[in-house]
Each structure stands twice: as structure tokens, then as C-alpha cells.
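This one's a predicted model, so the numbers in the text were calculated from it and none came from an experiment. Side-chain atoms are counted along with the backbone in the values below, which use heavy atoms only and exclude waters and symmetry mates.
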Amino acid sequence: MPIRQMKESSEQHLVIKTHFKYSMNPPQKTPKTAQNGKGPPLQEHQNTKIQNQPSPPSRNRGRRRGRGGRKSDQGDACLRPSSRPCTVACKPVNPAGDSLETTPNVSTENGGSVCEMEMGFPTSSKSLSFAPRPGYGQVGTKCIVKANHFLAELPEKDLNHYDVTITPEVASRTVNRAIMAELVRLYKESDLGMRLPAYDGRKSLYTAGELPFAWKEFTIKLVDEDDGINGPKRERQYRVVIKFVARSNLHHLGQFLAGKRADAPQEVLQILDIVLRELSVKRYCPIGRSFFSSDIRAPQRLGDGLESWCGFYQSIRPTQMGLSLNIDMASAAFIEPLPVIEFVGQLLGKDVPSRPLSDSDSVKIKKALRGVKVEVTHRGNVRRKYRVSGLTSQPTRELVFPVDENSTMKSVVEYFQEMYGFTIQHSHLPCLQVGNQKKASYLPMEACKIVEGQRYTKRLNEKQITALLKVTCQRPRERENDILQTIQHNAYDQDPYAKEFGIKISEKLASVEARILPAPWLKYHETGKEKDCLPQVGQWNMMNKKMINGMTVNRWACINFSRSVQENVARGFCSELAQMCQVSGMEFNPDPVIPIYNARPEQVEKALKHVYHVSMNKTKGKGLELLLAILPDNNGSLYGDLKRICETDLGLLSQCCLTKHVFKISKQYLANVSLKINVKMGGRNTVLLDAISCRIPLVSDIPTIIFGADVTHPENGEDSSPSIAAVVASQDWPEVTKYAGLVCAQAHRQELIQDLYKTWQDPVRGTISGGMIRDLLISFRKATGQKPLRIIFYRDGVSEGQFYQVLLYELDAIRKACASLEPNYQPPVTFIIVQKRHHTRLFANSHRDRSSTDKSGNVLPGTVVDTKICHPTEFDFYLCSHAGIQGTSRPAHYHVLWDENNFTADGIQSLTNNLCYTYARCTRSVSVVPPAYYAHLAAFRARFYLEPDAQLQENSSNGSGHATKTTRAGENGVRPLPALKENVKRVMFYC
């Protein structure tokens with residue numbers, strides 16, 4: 001392919017100004033010749049002063065330069081048109097520098113070298129400011145969309161904060177609220193001076209205007225409904241002290257919303273949030289930021305004693321249009337309020353009263369009911385509530401307990417008959433234990449009913465997940481109508497708390513100006529009929545196209561773990577798959593190394609090792625390039641065991657296929673599988689035409705590495721399993737399509753990625769540096785022959801409350817990893833958070849206008865919003881990069897926290913959208929930028945690497961998928977994951 005020189009345009013200007021601004025500690029000394037390794041050395045402007053740091057830029061400083069870079073205030077450097085011709089073959093910019101460990105021999109006009117400035121970096125969140133918005137995007141077709149944000153008018157009243165102390169101390173928010181409600185009922189018109197306070201259920205009380213006192217003590221009496229198992233209800237007395245703390249100033253909030261201040265007044269936002277939640281807390285069942293009720297919509301059965309409740313999410317957010325109330329629909333699984341015997345029958349799937357329970361039945365019941373609240377039904381109107389602590393090991397008929405100080409024993413059956421006239425029918429069943437273990441009380445199952453409104457927090461099974469998705473999956477028009485109904489039903493204009501605090505909520509969805517970014521051209525192989533392709537509405541297909549880098553598979557084998565798949569069916573499937581791989585542009589030997597091997601799922605390790613060794617002998621030590629595996633549709637742990645053994649033990653790349661697909665043999669399925677096989681072999685399916693033509697701003701000009709990172713946590717209820725972190729990084733430039741991945745185990749629910757950079761002491765070699773960032777930078781150098789001169793880091797799975805923490809820790813780790821490779825090596829970093837777990841939804845302005853929606857009625861792929869509903873000052877945007885299939889599409893929220901590469905809004909939005917078309921596993925644009933998606937897949941895969949005995953132990957921290965294999969616990973007691981084999985971690989094994 002001919003060398004294409006970049007056009008002489010503003011896109012050639014490589015901005016190398018560091019983002020010191022008001023965010024970083026300025027260095028004391030600055031060499032005049034070069035800046036910080038931010039690309040090629042200064043060839044012009046040698047005398048530019050860079051010691052004096054500019055003041056914070058104004059919000060509109062982002063004048064567009066070309067399509068990607070934005071002009072820096074000082075210290076720009078120009079890359080001459082002839083200095084780096086971009087070719088697909090990726091010729092090194094700097095042929096003299098062969099490794100990251102040596103300072104590259106790059107000449108400058110005054111003899112300076114790259115990377116001489118030392119980075120300053122904030123050590124606390126107080127000295128850290130997120131990247132300001134550089135301006136607004138202009139690229140794309142303008143349109144109007146609606147968002148589920150409702151404008152909230154600010155109160156003009158003073159907000160006063162009071163501290164609440166309740167004695168004796170109460171753990172339950174519900175009880176605290178009951179105490180405060182009683183206090184307000186008794187004293188509102190007298191001591192509280194007609195004020196209606198909002199209460200957070202813990203230590204804080206808020207009022208609009210001052211209370212008549214600065215300190216006051218109240219005595220409140222409450223009837224305790226949940227008290228004891230015997231005797232009449234007791235009245236409890238509480239001492240409540242209310243003390244003035246501070247007055248919250250709304251001026252700060254006004255300035256922040258107007259973009260005049262960068263720091264959000266979190267306390268004021270919290271107060272307003274509590275005020276608007278106060279009435280809903282009383283009406284509904286609050287869970288997190290959502291409210292649920294069985295009255296909003298009839299609950300739907302999910303099976304095994306569970307049902308789904310409908311509800312809504314509510315949160316107050318600062319946006320460019322002012323304060324906004326974000327309302328979205330929500331669903332959650334609740335325990336059905338059934339008689340306990342009926343619940344147990346549903347759980348076990350059999351008629352409980354007729355037969356005794358097996359040990360496994362008892363374990364299942366105990367697990368399901370522990371912590372669940374029940375109410376008694378054998379005492380008429382007295383419905384006392386208790387929390388289940390366990391299950392008796394003996395049946396009810398064998399249970400006795402002391403009734404007096406002389407240890408006179410009485411059976412449970414006799415006691416209930418004599419005390420309550422209640423005859424126990426099912427005395428063969430165990431009793432529920434309630435109360436604490438030391439002084440447990442027994443309740444027969446048939447005398448108990450589950451209390452309504454208890455959320456189920458444990459893992460749902462496949463059947464329940466399917467049933468819940470059916471309930472939650474709503475077309476955009478239906479969801480929009482439900483949101484509007486929720487707003488009307490909540491009647492904020494009638495809400496006494498909103499009125500008290502002077503808050504007014506609009507009942508109209510926010511109308512927002514959006515743009516639809518164009519889809520990128522994709523390049524396929526020259527030998528196909530179609531050499532390039534322009535996706536239509538987020539999708540395309542492989543017809544008449546060949547993979548741009550189709551790989552060769554000469555040596556492969558197939559194991560069939562499915563009893564229902566006959567050998568001739570398996571042979572036919574493998575033959576069709578091999579043919580599809582060839583049609584798609586791979587070279588695929590139609591004959592396996594050995595005949596298809598049949599095995600039982602429980603003998604997975606034995607079967608894999610047998611096929612591995614036999615194939616190794618047959619190929620004279622070359623071994624298999626690919627293993628195909630046919631699995632039963634319901635295969636339990638088989639898939640995970642197979643991946644663990646192949647990827648960490650044998651070094652085999654595998655492709656699993658379910659039985660249902662083997663019988664069906666659909667062309668679409670085979671085409672998708674061939675895409676996965678090609679990238680596992682180290683190939684590329686397609687690349688962006690702009691990438692190989694070197695037209696991507698701030699990616700194509702100098703060697704750029706794109707990272708994706710994610711942490712997956714164990715499910716609720718698993719309190720000992722480690723969290724798994726994964727980092728992937730592009731290994732090709734300028735194509736940025738192939739991503740190598742590394743994984744590590746870390747402390748339970750630890751969000752910061754511990755293994756990005758680490759050091760340890762070696763008795764011989766001294767301090768050794770390592771970690772995932774360092775290893776991936778080295779592998780990029782090996783793969784491309786160049787060191788990265790720019791880093792773009794997409795970080796998934798971080799909530800807003802952790803932004804500062806994650807940025808401080810992980811950016812510091814990136815800096816250290818770079819510095820450990822070469823003195824002063826500090827490529828500029830852009831750090832972007834990717835969020836999918838948010839509640840902003842975008843709707844077409846008119847659902848009838850078919851040209852403004854995709855087939856599912858959702859907004860078109862490429863829809864981007866960076867105004868009105870976005871942050872007042874920070875650099876964020878919503879991007880719906882995919883076409884909807886069913887339900888309402890959720891746009892991804894991208895928040896640029898740190899940007900030393902000086903991206904324009906158009907630059908980062910277009911790059912992100914275009915990357916979404918390079919996802920390897922299908923011919924569709926995806927909803928999340930692929931590096932973040934791949935990191936999620938790799939982290940999910942690595943959970944299978946936890947060895948069965950390791951999962952039972954308390955484990956956690958610095959084990960990484962590229963460490964040496966060891967069973968020893970890591971620094972923080974976490975057992976390291978078994979190491980990925982070298983040939984596995986070089987390719988996209990997680991696809």
C-alpha cells in the first residue's frame with residue numbers, strides 16, 4: 001500500500017502542553033528544549049516560555065483545531081508534514097530507540113531529548129480539578145430529543161441543618177423516622193414554630209428557615225410493634241435532642257449551576273434530595289435511590305416464592321439547564337408475602353406438608369429464609385413480627401423447651417395448643433428459629449406469613465432473570481408515558497415538603513439539542529467483492545466481504561461434551577464452520593488433527609489433557625492452534641472449567657458452541673463464530689478506514705495506545721470472593737483494533753485497580769517493577785516497534801462518588817508505570833470514565849417520525865448530547881452508539897476526568913463513536929466503547945479462573961493473570977489467579 005502523507009493542515013499540530021493549570025503541582029525547573037515527552041521534541045518555538053502556568057481557561061476556549069486537537073495556550077509544537085509519514089505498516093517514528101528501557105536517540109534542533117520535564121501530580125482531591133469542558137461538539141446532524149430530566153426551580157429560602165441525637169440509640173431508620181414523625185405530630189405547631197422538617201433517618205434534620213431554638217430536648221413515647229415474643233406490647237421512651245449545626249448557602253449552588261464555580265455544593269444537593277424523597281419514603285418501600293410498591297403495578301410472579309415490584313428511581317442532579325430531577329422506571333425482585341409453608345412449597349417445587357424434608361431441603365429453606373421478616377398468624381389481630389435466624393434441626397413434634405426456673409420441659413406442640421388453642425398440623429416439619437441464637441424462640445412454619453415489602457438481594461436463577469427482564473423491558477414510548485405518569489402521580493406541586501422548601505418541579509420532559517454522528521467507513525480485505533462498507537443504522541453484515549487480516553488455522557480438534565449430538569452431526573457442524581471461516585477470509589483446514597472426541601462433562605480435565613497430548617504427538621510437538629468444544633445447553637460449571645484449564649494450564653485457544661446451535665446451523669451464527677475465532681487467532685476482522693488512512697485526530701499522528709479497564713465484584717451474598725480487575729490495551733497502531741488483556745484478583749469489593757503498577761523486592765535484583773500497565777506498554781512496543789507517545793484510558797464501572805479516588809490512584813499508577821520503563825517517560829494521558837449504570841434515557845422528539853428512530857423506536861445510533869442535561873462545567877457527554885433491539889436504549893455516559901491531550905468535544909465524541917464500530921464479536925456498533933467492553937469480558941472470564949478451593953476461602957488482592965503461578969496468598973491475603981499462558985494473553989482470548 002502506498003505511503004500516504006498527512007495533509008498539511010491543523011491536524012498535524014501535536015499539542016504537547018501539559019495540563020498543569022490549577023490541577024497539578026508546577027515543576028520547579030523546566031528545560032527549554034522539550035516538554036515532558038509529549039510526542040516529538042520541540043522543533044520550533046524553542047524560546048516559548050512555559051514556566052508561567054496559565055490561569056484556568058474560560059469555558060469557551062475550545063476553538064476547534066481540525067477535527068480533534070484543541071489549541072493550547074502556550075508551548076505548542078509543530079510536527080513537520082514530512083517528519084512522520086503515516087503508513088499501514090507502522091514504520092517506527094524513532095528507529096533508533098529499540099526498547100522502552102533506553103532513552104530514544106531523537107535529535108532536536110538544539111540537541112535536547114524527549115521527556116525531560118518531571119510531572120507534578122496532586123496527592124489529594126483538594127488539589128485536583130477535573131478537565132473543564134473545552135466547548136461543545138458541532139459534528140453531526142442536529143436534532144431534538146427528550147430526556148427524563150425535569151427542571152427543578154430553586155428555593156429562595158435558607159436551608160438550616162440540625163443534628164439529631166436519639167437515646168437509646170436506634171439502628172433502624174424506620175424506627176428513627178417513626179420517632180421523628182411522632183415528634184413533628186406533637187410539636188409542629190408549638191415548639192417547632194410551624195416548620196415541617198425533612199429528616200434523613202439518621203443524624204440530620206433540615207428546615208426551610210430557622211426553628212425557634214438552637215438546642216432543645218424532647219421526650220417521645222413509641223409503641224414497639226416488634227417487641228419480644230411474649231407479653232403485651234411495650235411502650236418505649238426516647239430522648240431526642242435537636243441542635244443547630246449550620247445554615248446552607250444557596251448562593252454557592254447558583255454560582256455552580258451558572259458555571260462560575262467548579263466545586264459542587266454537595267451538602268445543599270443532599271438536602272434538596274432528602275426533601276424531595278421525604279413523602280415517597282412515607283408512601284413507598286425505599287431501596288437505595290428507588291421507591292417500590294405493589295400498588296404501582298400488579299406484582300408479577302418470578303417463581304420460587306419471588307415476585308417483581310414496579311417502582312421509580314429519583315435523583316436530583318446539577319445540570320447546565322439548572323437543577324434537574326432525574327426520574328426513571330425501576331423493577332426489583334421481592335419475596336412474595338406468602339404463608340411460609342406455601343413459600344417453602346414454591347421454593348422446593350413440591351407439596352411440603354405431605355412428606356418429611358431431606359437434609360438438602362432444610363439447607364435450601366434455611367438459606368432462603370435467614371434474615372427474612374415473618375409475622376405470626378395464630379393470634380387473631382395480633383400480628384407481631386420477627387426476623388428468622390435459622391431452622392431447627394429437629395421436627396416440631398420433637399422440640400421441647402423449659403417453661404420455668406425449675407427447667408420444667410414442655411413440647412412446642414403442647415405450648416401452642418394450651419397457650420393459643422392452636423393445633424399444629426404439620427409437626428413433621430422443623431420450626432423457624434427467631435431472635436438471637438443464644439435465646440432462640442421457636443415458631444411453627446404454619447403459624448407464620450412472610451411480611452410484605454422485603455427485597456430479595458441474593459442471586460436470581462435463569463428462569464427468574466428471564467421473567468424479570470420481561471417485566472422491565474419497555475418500548476421507549478411506554479417507558480416515556482410511565483415516567484410522565486409517575487411525575488403526575490407524585491404530584492410534587494402538592495407535596496407538603498416541596499412546598500415547605502419552595503421547590504417546584506416541571507412536569508415536562510427536558511427537550512435537548514442532540515446531534516447524530518455519522519457512522520465511520522469500515523475497511524475489509526481487497527480480495528472481497530466489497531472492500532469497504534458504510535454501516536446503516538448501526539449494523540452491517542459479512543456478505544461479499546473478507547476479514548482484513550484473516551488468520552490461518554491448520555491444526556484444530558473438536559471435543560463433543562453433549563450426549564445428544566451424534567458424531568455425524570458434530571462432523572457436519574465442524575465442516576460448515578470451517579467453510580464459513582474460509583468464506584469470511586480465513587484459511588481453515590477442513591480436517592481436524594484427530595477425529596472428534598466424545599467426552600462426559602464431569603471428565604473435562606481428563607478429556608482436554610487427552611486431546612492436547614494426542615494432538616501434540618500427532619503434530620510432532622507443534623500442538624493445536626484451536627480447540628472447538630460442543631457443550632450441552634445447560635452445562636453448569638463445564639464452560640468455566642474448560643476455559644480455566646485451556647487458558648491457564650494448557651495454553652489452548654478454544655471456541656465453545658452450544659448444542660442448540662449445532663443442530664440449527666444458522667449462517668448468521670456461523671459468521672459470528674468465525675469473527676470470534678479470527679481474533680482469538682490474532683487476526684483483525686475490520687478496521688476503521690480513517691485509521692489506516694491516518695485521519696483520526698489525536699490517534700493517527702503519533703503512536704497512541706488505548707486502554708480499557710474494569711473491575712467486576714462478586715454477587716450480593718458472596719462475602720469472601722475477591723473482586724477481579726481487568727485491563728486491556730490496543731496492540732496495533734494506527735489501526736487500534738487488537739487488544740491484549742490482563743487480569744488480576746484483588747480485595748473483596750475493592751474498586752481501585754491494585755495491580756496497575758507494583759514493585760517488589762528481589763533478593764538478587766533488588767526492587768523489581770511490574771503491573772498490568774507496564775506489561776501492556778512493553779507488549780505494545782514489541783508488537784508495533786514503537787513506544788506509545790499518547791495514552792487514552794477508558795475506565796468502566798466507577799460511580800460518581802469514586803471519581804476523585806479512582807483518578808488520583810490510577811493516574812498515579814499509570815505515571816509510575818511509565819517512569820519505571822524509562823527516565824522521564826511521561827506520555828500525555830486522557831482518562832475517561834464510562835458509565836452504563838445511570839438513569840438518563842433519551843427519547844425521540846416524535847415517536848411517529850420513523851426517520852428519527854431505529855426499528856425498535858429508540859433514538860438513532862450516533863446520538864450524542866453534551867448540553868443542557870450534562871454537567872455545568874465538566875467535560876462529559878451522553879452517547880447512544882448502538883441501535884436498540886428491544887426495550888429502551890441506555891446511552892453510555894462518558895466523563896473526561898483528565899485530558900493532557902487537549903481533545904475537543906468533537907474529537908473525543910467522534911473517536912468514541914467510531915471505536916464502537918470496531919467490536920470484534922459482531923457486525924453491529926455496540927453501546928459501550930470496545931476497550932471498556934473487552935475489559936468487562938476479560939474480568940468476567942477471569943472469575944472462572946478462581947480455583948474451586950480458592951473460592952471457599954477469604955481471599956483478596958495482588959494476584960495477576962500474568963504473575964507466576966502460585967497457590968500462596970498475595971500481599972493482602974488474596975490468592976493470585978493462575979497465570980495466563982503467554983500465547984493466550986497476546987490475543988483476544990476473552991472474545
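- Minimum heavy-atom separation, Lys787 to Pro703: O-CB, 3.5 Å.
- Rounding to the nearest 0.5 angstrom, the gap separating the OH atom in Tyr809 from the CD1 atom in Ile753 is 9.5 Å.
- Proximity of Leu911 to Ile792: side-chain heavy atoms (C-beta onward) are separated by under 4.5 Å at one or more points.
- Between the CZ atom of Phe130 and the CD1 atom of Ile833 there is a distance of 8.0 Å, given to the nearest 0.5 Å.
- Going from atom NZ of Lys816 over to atom CG of Leu756 covers 11.0 Å, rounded to the nearest 0.5 Å.
- Counting all heavy atoms, side chain and backbone alike, Arg133 lies closest to Asp876 at NH2-OD1, 2.5 Å.
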Full working for ring-ring contact (aromatic ring centres under 6.0 Å, His included) between Tyr894 and Phe875:
CA-CA 9 Å; Tyr894 296 92; Phe875 191 0; over 10 Å; no
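- With sequence neighbours excluded, no residue satisfies side chain to side chain donor-acceptor pair (under 3.5 Å) with Gln266.
- Considering every non-hydrogen atom in both Gln909 and Leu879, the closest pair reads O-CD2, 4.5 Å.
- Distance check, rounded to the nearest 0.5 Å: CG of Asp762 to CD1 of Ile768 gives 5.0 Å.
- Take Tyr878 and apply the side chain to side chain donor-acceptor pair (under 3.5 Å) test, not counting sequence neighbours, and it matches Thr840.
- Residues passing the side-chain contact (heavy atoms from CB on, under 4.5 Å) test with Gln802 are Glu751, Val798, Ser799, Gln805, Val806, sequence neighbours excluded.
- Listed here is the closest heavy atom pair of Ala726 and Ala935: CB-O, 3.2 Å.
- Within the model, atoms CG of Leu789 and OG1 of Thr704 stand 7.5 Å from one another, a figure rounded to the nearest 0.5 Å.
- Every residue two or more places apart in sequence or in another chain that forms a side-chain contact (heavy atoms from CB on, under 4.5 Å) with Ser769 is listed here: Tyr757, Thr759, Arg774, Ser820.
- Listed for the His748 side chain is a donor-acceptor partner under 3.5 Å among the backbone atoms of Ser721.
- Atom CG of residue Leu897 and atom CG of residue Leu811 lie 9.5 Å apart, to the nearest 0.5 angstrom.
- Nearest heavy-atom pair across Val928 and Ser881 is N-OG, 4.3 Å.
- Evaluation of the side-chain contact (heavy atoms from CB on, under 4.5 Å) rule for Arg684 yields Ile548, Asn549, Val687, Asp732, Glu735, Thr737, Lys738 as partners, not counting sequence neighbours.
- A salt bridge is absent between Glu982 and Lys782: the closest approach of a Lys/Arg side-chain nitrogen to an acidic carboxylate oxygen does not fall below 4.0 angstrom.
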Going through the distances and angles, do Ile724 and Tyr945 end up as a side-chain contact (heavy atoms from CB on, under 4.5 Å)?
CA-CA 10 Å; Ile724 305 283; Tyr945 301 163; over 6 Å; no
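- Residues in residues 931-940 take part in these side-chain hydrogen bond (donor to acceptor under 3.5 Å, both in side chains) pairs, two or more places apart or across chains: Asp710-His936.
- With sequence neighbours excluded, no residue satisfies side chain to side chain donor-acceptor pair (under 3.5 Å) with Thr918.
- Counted by atom type alone, His895 and Gln835 present zero donor-acceptor pairs between their side chains at under 3.5 Å.
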For the pair Thr830 and Glu900, evaluate side-chain hydrogen bond (donor to acceptor under 3.5 Å, both in side chains) and give the outcome as yes or no after the intermediate values.
CA-CA 6 Å; Thr830 296; Glu900 290 166 352; over 6 Å; no
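- For Asp866, the salt bridge (charged side-chain N to carboxylate O under 4.0 Å, His left out) partners at least two apart in sequence or on another chain are Arg515.
- Residues satisfying the side-chain contact (heavy atoms from CB on, under 4.5 Å) criterion with Ser927, sequence neighbours excluded, are Lys836, His882.
- By the ring-ring contact (aromatic ring centres under 6.0 Å, His included) test, Tyr917 pairs with no residue at all, sequence neighbours left out.
- Under a cut-off of 6.0 angstrom, the local environment of CZ in Phe803 is crowded, with over 12 non-hydrogen atoms contributed by other residues, nucleotides or ligands.
- Partners of Arg941 according to the salt bridge (charged side-chain N to carboxylate O under 4.0 Å, His left out) rule, which considers only residues two or more places apart in sequence or in another chain, are Glu647.
- Under the 4.5 Å side-chain criterion, counting only non-hydrogen atoms from C-beta, Leu776 is in contact with Val727.
- Residues Cys694 and Pro734 approach most closely at SG-CG, 4.2 Å, considering heavy atoms.
- Legend: residues meeting ring-ring contact (aromatic ring centres under 6.0 Å, His included) with Phe793, ordered by chain and number and at least two apart, are Phe707, Phe831.
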